[in-house]
Amino acid sequence: MKKKDVLCTGKAKSVYYTDDDKKLILHFRNDTSAFDGEKIEKLARKGEVNNKFNAFIMQKLEEAGIPTHFEELISDEESLVKKLDMFPIECVVRNIAAGSLCKRLGVEEGIEVSPPIFEFFLKDDALHDPMINEYHIQSFGWAKPEDVVAMQELTFKVNTVLKKLFADCGLLLVDYKLEFGRFGDQIVLGDEFTPDGCRLWDAETRKKLDKDRFRQGLGGVVEAYEEVASRLGVKLS
Ligand code: ADP
Ligand code: TMP
Ligand code: ASP
């Protein structure tokens, strides 16, 4: 597979065309960003850890019947994926209150949310990813009603699979963000599932093992990601 011109350079990944017009290469860089690009740092090894972490999770999701864009790992920091027509939407599920939910509603961090809460956000850094609902999505044509249903169903299916996968390693899946796209007539999970886009706590101590370590300046960011990877059995070099 030949790597061609860059399609886009995001905050943490660069995306390249390939000689197959249906496939892209995702390059997971060491860049780490929070607060919609306000805080940026390079963290050694993060690109490799996230690339391999993402590959592991995407394969587990595929095995569980969830269509994903993941094709194969092609280097330490790069993966081959299907080229999706991405929806400008972020799908979030919360099992435990944290982050913007606590700020917005004044609820205490750490309380279990039952049933889990689903939220849509518009993918727009300049607007700080505002929360939106099905009406905004339909009225502004960001996705069709049947796509909204499919994204919600797939996001909850991911919750069932990953809550158990993490629980079996002594981890709580607090919340996570997914991005979907269209591949032909199929709705497919794109982007990434890594500790950059979810919250994971140690089940016993509730130690934060995700990007909140970076957001909150707690240190040991990549070490925490590596601990999660090691508990899952993700092979790193
Ligand atoms: P951000 O957009 O938040 O800065 P990244 O640095 O992760 O994020 O950039 C990756 C970009 O690639 C995002 O815009 C994402 O929506 C897009 N993307 C991810 N997977 C695919 C895919 N399979 N096909 C097309 N675009 C994708
Ligand atoms: P939040 O508490 O900031 O709304 O985020 C909820 C979860 O979704 C958290 O795990 C971080 C993730 N997320 C992103 O990774 N990127 C985003 O742009 C948003 C809105 C959430
Ligand atoms: N995902 C967003 C960013 O990287 C928001 C955040 O993580 O704070 O900027």
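Each ligand, and each atom within it, is numbered from 1 in the order the structure gives.
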Problem set entry | Side chain, backbone, both or neither: Asp175 near ligand 2, heavy atoms under 4.0 Å | both

Exercise. Taking heavy atoms and a distance under 4.0 Å, where does His69 meet ligand 1: side chain, backbone, both or neither?
Worked result: side chain

For this session: Pick out which of Leu24, Leu84, Leu189 makes a side-chain contact (heavy atoms from CB on, under 4.5 Å) with His69.
Result: Leu84

For this session: State yes or no: are the ring centers of Tyr225 and Phe53 separated by less than 6.0 Å?
Result: no

Exercise. Are the charged groups of Lys46 and Asp196 less than 4.0 angstrom apart, N to O?
Worked result: yes

For this session: Give the numbers and elements of all ligand 1 atoms closer than 4.0 Å to a heavy atom of Val81.
Result: 23 (N)

Exercise. With a cut-off of 4.0 Å, which atoms of ligand 2 are near a heavy atom of Gly99?
Worked result: 2 (O)

Problem set entry | Option nearest atom 13 (N) of ligand 2 (shortest heavy-atom distance, choices Lys11, His128, Lys177) | Lys177

Problem set entry | Distance filter under 4.0 Å to Glu179 heavy atoms, resulting ligand 1 atoms | 15 (C), 16 (O)

For this session: Check the side chains of His27 and Glu78 for a donor-acceptor pair under 3.5 angstrom, ignoring hydrogens and angles.
Result: no

Problem set entry | 4.0 Å heavy-atom contact, Arg94 with ligand 2 | yes

Problem set entry | Mode of Asp125 contact toward ligand 1 - side chain, backbone, both, neither (heavy atoms, under 4.0 Å) | neither

For this session: Inspect the contact between Lys157 and Glu153 and indicate whether a charged nitrogen and a carboxylate oxygen are less than 4.0 angstrom apart.
Result: no

Exercise. Is Lys3 close enough and on-axis enough to Tyr16, meaning under 6.0 Å and within 45°, for cation-pi?
Worked result: yes

Exercise. Heavy-atom contact under 4.0 Å between Ala12 and ligand 1?
Worked result: yes

Problem set entry | Contact check: Arg104 vs ligand 2, nitrogen or oxygen atoms, below 3.5 angstrom | no

Exercise. Trp142 vs Phe140 aromatic rings, parallel, tilted or perpendicular, using cut-offs 30° and 60°?
Worked result: tilted

For this session: For ligand 1, find out whether one of its N or O atoms is nearer than 3.5 Å to an N or O atom of Leu84.
Result: yes

For this session: Say whether Asp36, considering both its backbone and side-chain N or O atoms, lies within less than 3.5 Å of an N or O atom on ligand 2.
Result: no

Exercise. Rounded to the nearest 0.5 Å, how far apart are NZ of Lys177 and CZ of Phe193?
Worked result: 10.5 Å

Problem set entry | Element-labelled atoms of ligand 2 that are located less than 4.0 Å from some non-hydrogen atom of Asp196 | 15 (O)

For this session: Select one of side chain, backbone, both or neither to describe which atoms of Asp191 lie under 4.0 Å from any atom of ligand 1, heavy atoms only.
Result: both

For this session: May I ask you to check whether Lys83 has an N/O atom sitting below 3.5 Å from an N/O atom of ligand 1?
Result: no

Exercise. With atoms numbered from 1 as shown, which atoms in ligand 1 lie under 4.0 angstrom from a non-hydrogen atom of Lys123?
Worked result: 1 (P), 2 (O), 3 (O), 14 (O), 16 (O)

Problem set entry | Any Arg215 heavy atom less than 4.0 Å from ligand 2 | yes

Exercise. Using 4.0 Å as the upper bound for N to carboxylate O, is an ion pair formed by Lys83 and Asp21?
Worked result: no

Problem set entry | Atoms in ligand 1 flagged as close to Leu24, the criterion being non-hydrogen separation under 4.0 Å | 24 (N), 25 (C)

Exercise. Among Lys23, Lys82, Met86, which one has a heavy atom closest to atom 18 (N) of ligand 1?
Worked result: Met86

